[in-house]
Q: 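Here it is, the structure in full.
Excluded from the calculations below are hydrogen atoms, water molecules and symmetry mates; all remaining heavy atoms, backbone and side chain alike, are included. In what follows, residues are counted from 1 in the order of the sequence shown.
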Amino acid sequence: MKASRQLRLSSRRAKLAVLAALVATLVSLVSLTGSWSLIDLRAYDYLSILGRPPLPEDGPVIVAIDEPSMAEIGSQWPWPRALHARLIQALRAAGAKAIALDVIFAEPAAAPENDQALAEVLGSDVVLAGDETLIRTPQAEQFVRTEPLPVFLERGAKVGIASVDLSGDGTLRQIPSYQDGLAVTLATVAGAEPAHPPRRALMQTFGPARTYPTVSYYQALDPESFLPEETFRGRVVIVGLSLQNAPTISGGGIDAFATSDTVFSRGLVAGAEIHATIYDNLVHRLFVKRTGAAVAIAAIVLASLAAALAVLGSTSWKTLGYGALALILIFLASYGLMRLGHVFVSPLAPALAFLGVAVGQAGLDYAEERRRRRAITRAFSQYLSPALVERLARDPSQLKLGGERRTLTVLFCDVRGFTTISEDMKDDPEGLTTLINRLLTPLSEAVLNRRGTIDKYIGDCLMAFWNAPLDDPDHAVHAVQAARDMLTALGDLNAELEAEAKAAGRPPKTLRIGIGINTGECVVGNMGSARRFDYSALGDAVNLASRLEGASKDYGVPLLLGERTATLAARKFAVAELDRITVKGRSAVCPVFTLADGASQPALERHRAYLARKYSGEIAADDGLFDDLKAALPPLARYYERERERLSG
């Protein structure tokens, strides 16, 4: 048994290893596709807005080119560049230490004096936006770089590329990879030391649109009249379009983008605020690195191994709880790495790998369980009632194969005079088979209906037992009830045979049976060879039950009970001791009993008195006691006749 368990465990481990390797390989291949990358980025969106860092207090201030400003200025966009010159002067006067204009001045103005006015106020504290665009044609791909007019750069203004990289779903998550990006250049001009993140680094957002301190353009033109004195002092300022208070995905917006926050806010964020977010990510080292394929695959493999360990023993309803806990831990680990280590390892592929192994093994276990249930059903349906077969199929642990010691109640039932019946029907073997089947069918049903197990058929003999493979506390009572049902079924069959014989004009055949029941310790389990075996019982108690069946004809009763069976059944039935005998193969004296249905207590007392005289040798054949006992106990009438015949010699 131990070797068998070890073999099953080794087999399960090997299958789990194959399953884990297969799942890890498939999930790894899927995780390398572009579509899956977008799913990972969406997971980042959800995780990144949980417990995100607060907005830095020294971050940029946004000067919004918005609808109120257009109303106050009284001009549609684009505005004269001389107006931007006034803004720069006002911001400097208010204490701004660096100014970025997210506006591209690549073409000369219609009025040259406007360009001249702007050029005169530019200096090294101003960053002007540039653009870099990839132009794809069927013939080639070409980067086109657009910069401000040389006249602006000659005055010391810096160029910052304002282009951003959008993910495949149109969401802005990545830190631009330009070494001279607008945020990088602005940070350098402001005297900060911006970090240089690796390629594909992800930015952390601080909130939805208008999270950054924002003032209207017209207010910044005259801060003394409209704004607190410290609004721009010592701060960097980013000037850009913000034409809608909170642009939405459906409505769109000019120079507005979807970010990780858009998942919940459904709003777009203005380009100027995007550059402010990038600025703080670089200056305060808040960006999140994306791991490469090697780390992602390693996480998938680890998750597959963890799932294999979780289901190594078995799968059950507890597996669902373990799986849920494992998924929570995977997501917590991903979140912890992002928050504490600023590294994003997507939890989705490892979670999928864990589920793939766990669910896959659960499916295999379910299929194996179904196969085992079918095997149990096939094996036991021949000698167990359907209800017991179903119980075993639902809970195979109740079945211990290979042999175990149990207290059983064993029943043998044999047809009396079968040799004579066979001789009479030697020319009709089909009829003999039909007759035996008509008898054994109701006898078998009597066993199964009383929760018994049919061990075997030996010609015209039936062997059954109770209390295996399932526990049956009332096994002796159920066995005796089955015997009574057998005798009732035999009477019904004899009535049918008599009616059939009368209709056919032939002598009737009357069938008789003998039943022996005994209770004792047995070994029960699968007995036989490795190629063929039966679920059977062995032991002295089985042999005694067989001997009792054979001895029943000597006492003129159809049923004999062993002593232990009679003791257990006495609480339900009236039993009467008949004799103390020594059966073939046993040296011990065995009391034998039978049922005394309908006997009164006084009648049973008279019978016990008779037995006392019998055992002491005080009974003679001509004793008138026999006639009195036959009248008092009709079920034992034939027994008393046999007793008188025995004494007569």
Q: With a 4.5 Å heavy-atom cut-off, do His275 and Asp102 have their side chains touching?
A: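 Yes, at least one pair of side-chain atoms sits under 4.5 Å.
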Q: Kindly say whether Tyr218 contributes a backbone atom to a donor-acceptor pair with the side chain of Ser216 at under 3.5 angstrom?
A: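 Pair absent, no side-chain N/O of Ser216 close to backbone of Tyr218.
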Q: Please assess Leu182 against Tyr279 for the test side-chain contact (heavy atoms from CB on, under 4.5 Å), listing each intermediate value before the final yes or no.
A: CA-CA 8 Å; Leu182 182 68; Tyr279 176 94; over 6 Å; no
Q: Is it the case that the side chain of Arg339 and the backbone of Leu50 share a donor-acceptor pair, with hydrogens and angles ignored and the cut-off at 3.5 Å?
A: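 Between the backbone of Leu50 and the side chain of Arg339 there is a qualifying donor-acceptor contact (under 3.5 Å).
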Q: Return the set of residues passing side chain to side chain contact (heavy atoms under 4.5 Å, CB included) with Leu26 (not counting sequence neighbours), or none when no residue passes.
A: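 Only Leu22 meet the side chain to side chain contact (heavy atoms under 4.5 Å, CB included) criterion with Leu26.
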Q: CZ of Phe206 to OG1 of Thr259: how many Å apart, nearest 0.5 Å?
A: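 Atom-to-atom, Phe206:CZ and Thr259:OG1 are 11.5 Å apart.
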Q: Are the side chains of Glu132 and Asp180 in contact, using a 4.5 Å heavy-atom criterion?
A: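 When only atoms from C-beta onward are counted, Glu132 and Asp180 do not touch, as no gap falls below 4.5 Å.
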Q: Okay, side chain of Glu273, backbone of Thr211: is any donor-acceptor separation there less than 3.5 Å?
A: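 At least one qualifying donor-acceptor pair exists.
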Q: Please report the closest heavy-atom contact between Asp131 and Ile161, naming both atoms and the distance.
A: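 The pair with the smallest heavy-atom distance is N-CD1, 3.9 Å.
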Q: Check side chain to side chain contact (heavy atoms under 4.5 Å, CB included) between Phe264 and all other residues, then give those that pass, not counting sequence neighbours.
A: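 Only Tyr46, Ile49 meet the side chain to side chain contact (heavy atoms under 4.5 Å, CB included) criterion with Phe264.
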Q: Does the side chain of Pro176 reach to within under 4.5 Å of the side chain of Ile278, using non-hydrogen atoms?
A: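 When only atoms from C-beta onward are counted, Ile278 and Pro176 do touch, with a gap below 4.5 Å.
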Q: What I want to find out is whether Asp365 reaches Arg12 closely enough, with some N-O distance under 4.0 Å, to be called a salt bridge.
A: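 Looking at Arg12 together with Asp365, the answer is yes, because their closest N to O distance falls below 4.0 Å.
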Q: Do Leu87 and Leu101 come within less than 4.5 Å of each other through their side chains, counting heavy atoms only?
A: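 Side-chain contact under 4.5 Å: no.
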Q: Which heavy atom of Ala43 sits nearest to which heavy atom of Leu348, and what is that distance?
A: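 Shortest heavy-atom contact: CB-CD1, 3.7 Å.
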Q: Please confirm whether the backbone N or O of Asp125 pairs with a side-chain atom of Arg92, one donor and one acceptor, at under 3.5 Å?
A: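 Pair absent, no side-chain N/O of Arg92 close to backbone of Asp125.
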Q: If you draw a 6.0 Å radius around OH in Tyr335, do more than 12 non-hydrogen atoms from other residues or ligands fall strictly inside?
A: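 Correct, the count exceeds 12.
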Q: Can you name the side chain to side chain donor-acceptor pair (under 3.5 Å) partners of Asn114, sequence neighbours left out?
A: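 Here no residue qualifies.
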Q: With sequence neighbours excluded, tell me which residues meet side chain to side chain contact (heavy atoms under 4.5 Å, CB included) with Ser334.
A: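 If we apply the side chain to side chain contact (heavy atoms under 4.5 Å, CB included) test to Ser334, skipping adjacent residues, the hits are Leu47, Phe344, Pro347.
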Q: Under 4.5 Å between any side-chain heavy atoms of Thr262 and Phe257, yes or no?
A: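 Result no, sub-4.5 Å side-chain heavy-atom pair not found.
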Q: With a 4.0 Å cut-off, would you call Arg173 and Asp45 a salt bridge?
A: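 Result for this pair is yes, salt bridge flagged.
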Q: Just so I know, are the side chains of Pro213 and Leu55 near enough to count as touching, which here means a heavy-atom distance under 4.5 Å?
A: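 Counting from C-beta outward, Pro213 and Leu55 do come under 4.5 Å.
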Q: Closest heavy-atom contact between Arg155 and Val151?
A: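 Taking every non-hydrogen atom into account, CG-O, 3.7 Å.
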Q: Do Ser37 and Asp40 have side-chain atoms, one donor and one acceptor, less than 3.5 Å apart?
A: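 The answer is no; no qualifying pair exists.
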Q: In Å and rounded to the nearest 0.5 Å, what is the CD1 to OG distance from Ile300 to Ser346?
A: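 Rounded to the nearest 0.5 Å, the CD1-OG separation comes to 8.5 Å.
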Q: Is Thr205 reaching over with its side chain to a backbone N or O of Ser260, donor-acceptor style, under 3.5 angstrom?
A: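 Looks like no, no N/O pair under 3.5 Å.
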Q: Can you tell me how far apart CG (Leu352) and CG (Leu327) are? Round to the nearest 0.5 Å.
A: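 Between Leu352 CG and Leu327 CG, I get 10.0 Å after rounding to 0.5 Å.
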Q: Dump the intermediate steps for side-chain contact (heavy atoms from CB on, under 4.5 Å) on Tyr217 and Val63, then the final yes or no.
A: CA-CA 5 Å; Tyr217 192 101; Val63 174; 4.1 Å; yes
Q: Got a second to check how far Leu202's CG is from Lys289's NZ, nearest 0.5 Å?
A: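 One finds 12.5 Å between CG of Leu202 and NZ of Lys289.
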Q: Go through Leu122 and Leu128 one step at a time and tell me if the side-chain contact (heavy atoms from CB on, under 4.5 Å) criterion holds.
A: CA-CA 10 Å; Leu122 293 177; Leu128 300 179; 4.0 Å; yes
Q: Using a 6.0 Å cut-off, check whether atom CD of Glu230 has over 12 heavy atoms from anything other than its own residue.
A: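 Check passes, neighbour count above 12.
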Q: Tell me, with the steps shown, if Tyr44 and Thr171 meet side-chain contact (heavy atoms from CB on, under 4.5 Å).
A: CA-CA 12 Å; Tyr44 172 79; Thr171 302; over 6 Å; no
Q: Supply the atom-to-atom distance Ser304 OG to Leu16 CG, rounded to the nearest 0.5 angstrom.
A: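 If I round to the nearest 0.5 Å, the distance is 11.0 Å.
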Q: Less than 4.0 angstrom from a charged side-chain N to a carboxylate O is my criterion; do Arg42 and Asp169 meet it?
A: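 Result for this pair is yes, salt bridge flagged.
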Q: Arg285: what forms a side chain to side chain donor-acceptor pair (under 3.5 Å) with it, not counting sequence neighbours?
A: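 For Arg285 there are no side chain to side chain donor-acceptor pair (under 3.5 Å) partners, ignoring immediate neighbours.
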Q: Can you tell me if OH on Tyr366 sees more than 12 non-hydrogen neighbours from other groups inside 6.0 Å?
A: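 Incorrect, the count does not exceed 12.
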Q: Quick check: does any side chain N or O of Asp66 sit under 3.5 Å from a backbone N or O of Ser242, one acting as donor and the other as acceptor?
A: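 Side chain of Asp66 to backbone of Ser242, a donor-acceptor pair under 3.5 Å: no, none is there.
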Q: Are the side chains of Ile88 and Leu118 in touch, meaning some heavy atoms are under 4.5 Å apart?
A: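 A side-chain contact exists here, since the closest heavy-atom pair is under 4.5 Å.
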Q: Can you give me the closest heavy-atom contact between Leu38 and Ser167, atom names plus distance?
A: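 So the two residues come closest at CD2-CB, 4.4 Å.
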Q: Minimum heavy-atom separation for Ala349 to Val27, with atom names?
A: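 Result for this residue pair: O-CG1, 3.5 Å.
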Q: Contact between Leu282 and Ile175 at the side-chain level, heavy atoms closer than 4.5 Å - yes or no?
A: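 Yes, close enough: below the 4.5 Å cut-off.
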Q: About how many Å separate CG of Leu83 and CD1 of Ile73, when rounded to the nearest 0.5 Å?
A: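 Interatomic distance, Ile73 CD1 to Leu83 CG, rounded to 0.5 Å: 5.0 Å.
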Q: Hey, is the main chain of Phe226 close enough, under 3.5 Å, to the side chain of Gln219 for a donor-acceptor pair?
A: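 Not a single qualifying donor-acceptor pair exists.
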Q: Work out which heavy atom in Ala201 is nearest to a heavy atom in Phe287; give both atom names and the distance.
A: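 Heavy atoms of Ala201 and Phe287 come nearest at CB-CD1, 4.2 Å.
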Q: Would you please name every residue forming a side chain to side chain donor-acceptor pair (under 3.5 Å) with Arg52, sequence neighbours left out?
A: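 Side chain to side chain donor-acceptor pair (under 3.5 Å) check on Arg52 returns Asp261.
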